[in-house]
Amino acid sequence: MPARKKKTRDPSEDPSGIRRIRAPLLSWYDQHKRDLPWRHTRDPYAIWISEAMLQQTRVETVIPYWNRFLEAFPSVQALAAADIDDVYAVWTGLGYYSRARNLKHAAETVVAEHGGALPDTAEELETLKGIGRYTAGAVASIAFEREAPLVDGNVIRVFARLLGIREDSAAKAVVDRLWDEATTLVVGERPGDLNQALMELGATLCTPRNPSCLICPVREACDAAAVGDAESLPVKKKRTKQTKMRAVAAWLERDGKILVVRRPEEGLMAGLWELPGGEIEAKDEAKECVAGIVHAAVGLEILDAEGIGAVEHLFTHRKLTLEVFRARLAPGGRVRRSGYVAHRWVAPDAALDLAHAGPMRKAMALLGATDERSARAARKRTP
DNA sequence: AATGCGTGGTC
DNA sequence: TGACCAAGCAT
């Protein structure tokens, strides 16, 4: 008997009786599922891309990115052969940029080791970079009709309410229990639809706030609906607070071009382009730091620095205040990078064509440079 | 087990 | 406004 990676109980047993939600859940899904673009394809590659994009990201946000990505890289082969810069460029603005890097890496693996066809089991899928337990189950069940379980944020919430789980949902014992229940539930007809129905229920009815218990298709099986505490489930530990962070960035112009630099492949905004700069202390006077930071980052001397303003940006764990300066370069001198992996002198209008994150976009907007995407965002902010 | 990693929406 | 959160993964 082959050793199992994750230990689960016998899925044919159903001590909690969760399998009784299968029929009403599937029936509800058939009537009420949203019309999403990736529900019109059977292409495992396209489904995989959708799952990668949907990680921690809303459906409405993903749709245009998914369309653009599939247009730019229509197959595993196309993605494997693509320039990583082009992949980043399509991903710009979507966040969690390691997903783009991992997709590209995994596509190369699929071409090199799997003959260009995505593996069709959860176990094999999980060996690919960026595919974890959830995504493996999603692709295996949705694209290949395998009876593979999945547990995501929606499933945690639905199960916690259904089964009346009132302990911390991140505790290992609870996580194991949830995967056991998902494993029990998925066995049978239409595993892909069953999994999607579970998530669809969490996304549209069994929502974090104001759940629609009154019209829920599985209300009769739900512990929290009976007790009346659905909205307080699942129980989660408080997230650690955001730490404050300050930085300066400098617009450095020479012969009509500005200097942009690329961040290293690890850490915050990995692999993305930005204006050269660096972190400063809370007590520092930003303007007094510009010359030192610029010299440390790119080895250039500046004559003076004019403050343009500050932009705020919230990351999951950090709150960044970025103070932006337009600095006058001393004549001569060549770039000596430190901490950055590449640099380029580009026309100001072309800077935002390079893959970048929110702070860069906001800084450029402050400096009067713009591109299609930021122009769209600006119109949205001030209609 | 806990933390780092983006962004945009909601209340 | 701040807090929370959305089809997670890697380390």
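So you know, we letter chains A, B, ... as the sequences are listed, proteins then strands, and number each from 1.
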*Asks:* Is it the case that the side chain of Thr321(A) and the backbone of Arg246(A) share a donor-acceptor pair, with hydrogens and angles ignored and the cut-off at 3.5 Å?
*Replies:*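 Between the backbone of Arg246(A) and the side chain of Thr321(A) there is no qualifying donor-acceptor contact (under 3.5 Å).
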
*Asks:* Mind checking what makes side-chain hydrogen bond (donor to acceptor under 3.5 Å, both in side chains) contact with Asp304(A), not counting sequence neighbours?
*Replies:*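 Partners of Asp304(A) by the side-chain hydrogen bond (donor to acceptor under 3.5 Å, both in side chains) criterion, ordered by chain and then number, come out as Arg328(A).
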
*Asks:* Rounding to a whole Å, what distance do you find between Glu60(A):CD and dA7(C):P?
*Replies:*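 My rounded result for the distance is 10 Å.
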
*Asks:* Mind checking what makes side-chain contact (heavy atoms from CB on, under 4.5 Å) contact with Pro44(A), not counting sequence neighbours?
*Replies:*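 For Pro44(A), the residues satisfying side-chain contact (heavy atoms from CB on, under 4.5 Å) (neighbours in sequence not counted) are Leu118(A), Ala143(A), Phe144(A).
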
*Asks:* With sequence neighbours left out, write down each residue that passes side-chain contact (heavy atoms from CB on, under 4.5 Å) with Glu301(A), or none if nothing qualifies.
*Replies:*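 side-chain contact (heavy atoms from CB on, under 4.5 Å) list for Glu301(A), sorted by chain: His295(A), Ala330(A).
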
*Asks:* NA contact type, Arg39(A), heavy-atom cut-off 4.0 Å: base, sugar-phosphate, or nothing?
*Replies:*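 Base, at least one base heavy atom under 4.0 Å.
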
*Asks:* Side-chain N or O of Thr61(A) versus OP1/OP2 of dG9(B): is the shortest distance under 4.0 Å?
*Replies:*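 So the side-chain polar atoms of Thr61(A) never come under 4.0 Å of the phosphate oxygens OP1 or OP2 of dG9(B).
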
*Asks:* Using heavy-atom distances to pick each residue's nearest nucleotide on DNA chain C, tell me which of Arg34(A) and Ile131(A) is more 5'.
*Replies:*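 That would be Arg34(A).
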
*Asks:* Taking only residues two or more places apart in sequence, or in another chain, which ones meet Asp168(A) in a salt bridge (Lys or Arg N to Asp or Glu O under 4.0 Å)?
*Replies:*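 Salt bridge (Lys or Arg N to Asp or Glu O under 4.0 Å) check on Asp168(A) returns Lys237(A).
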
*Asks:* Using a 4.0 Å cut-off on heavy atoms, which residues in residues 155-165 of chain A reach DNA chain C? List them by number, or say none.
*Replies:*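 DNA chain C contact set from residues 155-165 of chain A: Arg157(A).
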
*Asks:* Would you say a side-chain N or O of Gln56(A) is under 4.0 Å from OP1 or OP2 of dG8(C)?
*Replies:*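 So the side chain of Gln56(A) is within the cut-off, an N or O lying under 4.0 Å from OP1 or OP2 of dG8(C).
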
*Asks:* Does any residue of residues 265-281 of chain A have a heavy atom under 4.0 Å from DNA chain B, and if so, which ones, in number order?
*Replies:*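 Of all residues in residues 265-281 of chain A, the ones placing a heavy atom under 4.0 Å from DNA chain B are Gly267(A), Leu268(A), Met269(A).
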
*Asks:* Taking atom C1' of dG8(C) as reference, at what distance in whole Å does atom CG of Leu125(A) sit?
*Replies:*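 For the pair Leu125(A) CG and dG8(C) C1', the rounded distance is 15 Å.
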
*Asks:* Calculate the interatomic distance between Met245(A) atom CE and dG4(B) atom C1'; express it in whole Å.
*Replies:*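 In whole Å, dG4(B) C1' lies 12 Å from Met245(A) CE.
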
*Asks:* Can you check the distance between dA7(C) and dT10(B), where both ends of the measurement are the P atom (answer in whole Å)?
*Replies:*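 dA7(C) and dT10(B) have their P atoms separated by 14 Å.
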
*Asks:* Tell me, which of residues 95-104 of chain A have any heavy atom that sits under 4.0 Å from an atom in DNA chain B?
*Replies:*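 Going residue by residue through residues 95-104 of chain A, the ones with a heavy atom under 4.0 Å of DNA chain B turn out to be Gly95(A), Tyr96(A), Tyr97(A).
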
*Asks:* Applying side-chain hydrogen bond (donor to acceptor under 3.5 Å, both in side chains), name anything that partners Arg337(A), two or more places apart in sequence or on another chain.
*Replies:*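 Result, side-chain hydrogen bond (donor to acceptor under 3.5 Å, both in side chains) vs Arg337(A): His343(A).
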
*Asks:* For Leu36(A), report the nucleic acid contact type (base, sugar-phosphate, nothing); a contact means any heavy atom under 4.0 Å.
*Replies:*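 Here Leu36(A) touches the bases of the nucleic acid.
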
*Asks:* Going by side chain to side chain donor-acceptor pair (under 3.5 Å), name the pairs with one or both residues in residues 205-220 of chain A, residues two or more places apart or in two chains.
*Replies:*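 Checked against side chain to side chain donor-acceptor pair (under 3.5 Å) - neighbours excluded - no pair reaches residues 205-220 of chain A.
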
*Asks:* On DNA chain B, compare the nucleotides closest to Ala170(A) and Phe315(A); which residue's is nearer the 5' end?
*Replies:*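 Closest to the 5' end, via its nearest nucleotide, is Ala170(A).
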
*Asks:* Quick test of your reading: applying salt bridge (Lys or Arg N to Asp or Glu O under 4.0 Å), list the pairs with at least one residue in residues 37-55 of chain A, sequence neighbours left out, ordered by first then second residue.
*Replies:*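 Salt bridge (Lys or Arg N to Asp or Glu O under 4.0 Å) check on residues 37-55 of chain A returns Arg39(A)-Glu200(A).
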
*Asks:* Starting at atom CZ of Arg58(A), determine the distance to atom P of dG8(C), rounded to an integer number of angstrom.
*Replies:*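 Taking CZ of Arg58(A) and P of dG8(C), I get 11 Å after rounding.
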
*Asks:* So, Thr57(A) side chain and Gln55(A) main chain: donor-acceptor pair closer than 3.5 Å or not?
*Replies:*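 Yes, the answer is positive, given that a donor and an acceptor are paired below the 3.5 Å cut-off.
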
*Asks:* Heavy-atom contacts under 4.0 Å between residues 192-213 of chain A and DNA chain C, which residues?
*Replies:*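 Contacting residues: Met199(A), Ala203(A), Pro208(A).
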
*Asks:* Going by the salt bridge (Lys or Arg N to Asp or Glu O under 4.0 Å) test, which pairs reach into residues 105-120 of chain A, not counting sequence neighbours?
*Replies:*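 Those involving residues 105-120 of chain A are Lys104(A)-Glu108(A), Asp120(A)-Arg146(A).
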
*Asks:* Can a side chain N or O of His313(A) be found less than 4.0 Å away from OP1 or OP2 on dG6(B)?
*Replies:*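 His313(A) to dG6(B) OP1/OP2: no side-chain N or O under 4.0 Å.
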
